[in-house]
Amino acid sequence: MTESKPCSTVFDVDEYDLEATLDSGQAFRWERLGEGWEGIVGGRWVRLEARRDGRIGASTVVDAGDWGWLRNYLALDVDPRVIASTFPPDPPLLEAVRACRGLRVLRQEPWECLASFILSSTKQIVQIRQIVGEICRRFGPRVKVPIGHPEAWGFPGARVIAGLEESGLRACRMGFRAKYLLGSARAVVAGPLDLEGLRNLPLGEAREALMELPGVGPKIADCALLFSCGFDQAFPVDVWILRTLRELYFPRRDPGRDRLLDFAGKHFGPYGGHAQQYLFHHARLRAGRVASVRGDGAGSVRDGD
DNA sequence: GTCCAGGTGTTCC
DNA sequence: GGAACACATGGA
């Protein structure tokens with residue numbers, strides 16, 4: 001399948017912020033090492049680097065083919081200006097887009113994305129990363145890495161998870177989420193839910209189908225739909241977004257959770273999910289919850305107006 | 001030690 | 001139908 005032939009390339013990109021994209025809570029396995037980011041995409045170990053000329057360097061240790069798999073994952077074909085042009089002209093959203101210029105929505109593999117977000121409920125992002133890393137280390141397939149590099153594992157497939165016992169998953173410190181992940185894995189393996197086929201359904205139907213799975217409610221369904229099934233309008237509402245919408249859009253009165261959810265789903269347009277990611281990341285930046293802020297960009301983060 | 005975290009399922013009224 | 005609570009674990 002994949003030959004042992006190291007490959008590297010450089011992608012021409014326009015305003016692509018690798019750090020904001022890989023470290024904004026949409027994917028949980030990217031690690032910063034030195035000047036680059038390392039992760040597993042499509043079963044291949046990959047290293048990405050933001051070059052000084054604004055382009056993105058990529059390298060693998062196996063044959064990378066035409067790199068289409070990585071272009072697709074990074075959504076390099078998407079023009080963020082076209083997306084932003086569909087946004088309502090709200091000051092809060094404009095400010096988030098300005099502050100997070102170069103942030104993109106990745107196109108992840110559906111099972112890994114769904115499973116990761118099943119593990120995300122009432123967990124901080126740093127802990128989600130720990131749990132996901134642990135199930136990969138214990139149950140994932142080994143992937144080829146550069147000589148002398150620490151070992152690396154891909155995300156275990158639904159069939160592998162489905163064959164485990166709940167105790168094995170609990171050993172990864174995922175707590176009560178173990179029964180949800182196991183139940184969802186077994187449902188995905190047994191059918192009739194076709195994860196890959198969800199993208200061909202209307203948003204509402206795809207959402208309903210995902211919510212049949214144990215541990216998958218509206219928030220996690222929307223994350224899977226947005227980050228791995230091509231539903232640009234899916235708008236995950238979590239505690240950060242709820243707080244943000246209340247503060248920025250309804251500072252005088254709280255419209256209540258249901259009205260807020262309704263507003264979120266309609267107000268931001270056909271690329272609402274992308275708007276959500278800008279608002280989410282901006283909120284975390286402002287709260288100092290993104291590591292890079294503490295290092296070099298403290299002066300660029302305004303603390304209110 | 002307390003509070004809270006990219007929620008969901010169950011129970012109780 | 002909706003509010004209240006349980007669920008594991010660990011960082012802040």
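Letters A, B, ... mirror the listed sequences (proteins, then strands); counts begin at 1.
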Open item on the list: If I take atom CD in residue Gln108(A) and atom P in nucleotide dG6(B), what distance separates them, rounded to the nearest angstrom?
Closed with: 16 Å

Open item on the list: Under a plain distance cut-off of 3.5 Å, with no hydrogens placed, do Gln127(A) and Arg173(A) share a side-chain donor-acceptor pair?
Closed with: no

- [ ] Take the protein atom CG of Leu114(A) and the nucleotide atom C1' of dG6(B), then report the distance between them rounded to whole Å.
- [x] 14 Å

Task: Whole-Å gap separating P (dG2(C)) and CZ (Arg259(A)) - done: 12 Å

Open item on the list: In the structure I gave you, are the side-chain heavy atoms of Gln130(A) and Lys123(A) within less than 4.5 Å of one another anywhere?
Closed with: no

Task: DNA chain B contacts made by residues 227-236 of chain A, counting heavy atoms under 4.0 Å - done: Phe227(A), Pro236(A)

Open item on the list: Test of understanding: clusters of I, L, V, M, F, W, Y form through side-chain heavy atoms closer than 4.5 Å, transitively. Do Ile40(A) and Val132(A) belong to the same one?
Closed with: no

TODO: Could you say whether the aromatic ring of Phe117(A) and the base of dG6(B) stack, counting only centre distances under 5.5 Å and plane angles under 30°?
DONE: no

Open item on the list: Taking any heavy-atom pair under 4.0 Å as a contact, classify Leu119(A): base, sugar-phosphate, or nothing.
Closed with: nothing

Open item on the list: For Ile125(A) and Pro214(A), find the nucleotide of DNA chain B closest to each by heavy atoms; which residue's nucleotide sits nearer the 5' end?
Closed with: Ile125(A)

Open item on the list: In this structure, would Val105(A) and Val290(A) fall into the same cluster of hydrophobic residues linked by side-chain contacts under 4.5 Å?
Closed with: no

Task: Basic-acidic side-chain contact under 4.0 Å: Glu31(A), Arg129(A) - done: no

Open item on the list: Ignoring hydrogens and geometry beyond distance, is a side-chain donor-acceptor pair present between Arg284(A) and Thr244(A) at under 3.5 Å?
Closed with: no

TODO: Report the relative orientation of the aromatic rings in Phe268(A) and Phe235(A); use parallel for angles under 30°, tilted for 30 to 60°, perpendicular for over 60°.
DONE: parallel

Open item on the list: Heavy atoms within less than 4.0 Å of DNA chain B: which residues of residues 215-222 of chain A have one? Give them sorted by number.
Closed with: Gly215(A), Val216(A), Gly217(A), Pro218(A), Lys219(A), Ile220(A)

Open item on the list: Test side chain to side chain donor-acceptor pair (under 3.5 Å) on Arg104(A) and Ser24(A); report intermediate values, then the result.
Closed with: CA-CA 10 Å; Arg104(A) 310 298 180 94; Ser24(A) 57; over 6 Å; no

Open item on the list: From CG of Leu261(A) over to P of dG2(C), roughly how many Å is that when rounded to an integer?
Closed with: 12 Å

TODO: Could you give the distance separating dA6(C) and dG6(B) at their P atoms, to the nearest angstrom?
DONE: 22 Å

TODO: Have a look at Ser24(A) and say if it touches a base, only the backbone sugar-phosphate, or nothing, with a 4.0 Å heavy-atom cut-off.
DONE: base

TODO: Determine the interplanar angle of the Trp69(A) and Trp67(A) rings, folded into 0 to 90°, and report it as parallel if under 30°, tilted if 30 to 60°, perpendicular if over 60°.
DONE: parallel

Task: Separation of dG6(B) P from Ile131(A) CD1 (nearest whole Å) - done: 11 Å

- [ ] With heavy atoms under 4.0 Å as the rule, sort Arg257(A) into base, sugar-phosphate or nothing.
- [x] nothing

- [ ] Quote, to the nearest angstrom, the C1' distance that separates dA8(C) from dC3(B).
- [x] 15 Å

Task: Verify same cluster id: Val189(A), Leu193(A) (apolar side-chain graph, 4.5 Å) - done: no

Task: Phe280(A) CZ to dG6(B) P, straight-line distance once rounded to whole Å - done: 6 Å

TODO: Summarise protein proximity over nucleotides 6-12 of chain C in one line of letters, 5' to 3': B for base, S for sugar-phosphate only, - for none, counting protein heavy atoms closer than 4.0 Å.
DONE: -BBBBB-

Open item on the list: Parallel, tilted or perpendicular: which one describes the rings of Tyr271(A) and His274(A), with boundaries at 30° and 60°?
Closed with: perpendicular

Open item on the list: Is the ring pair His149(A)/Trp45(A) parallel, tilted or perpendicular, if the boundaries are 30 and 60 degrees?
Closed with: perpendicular

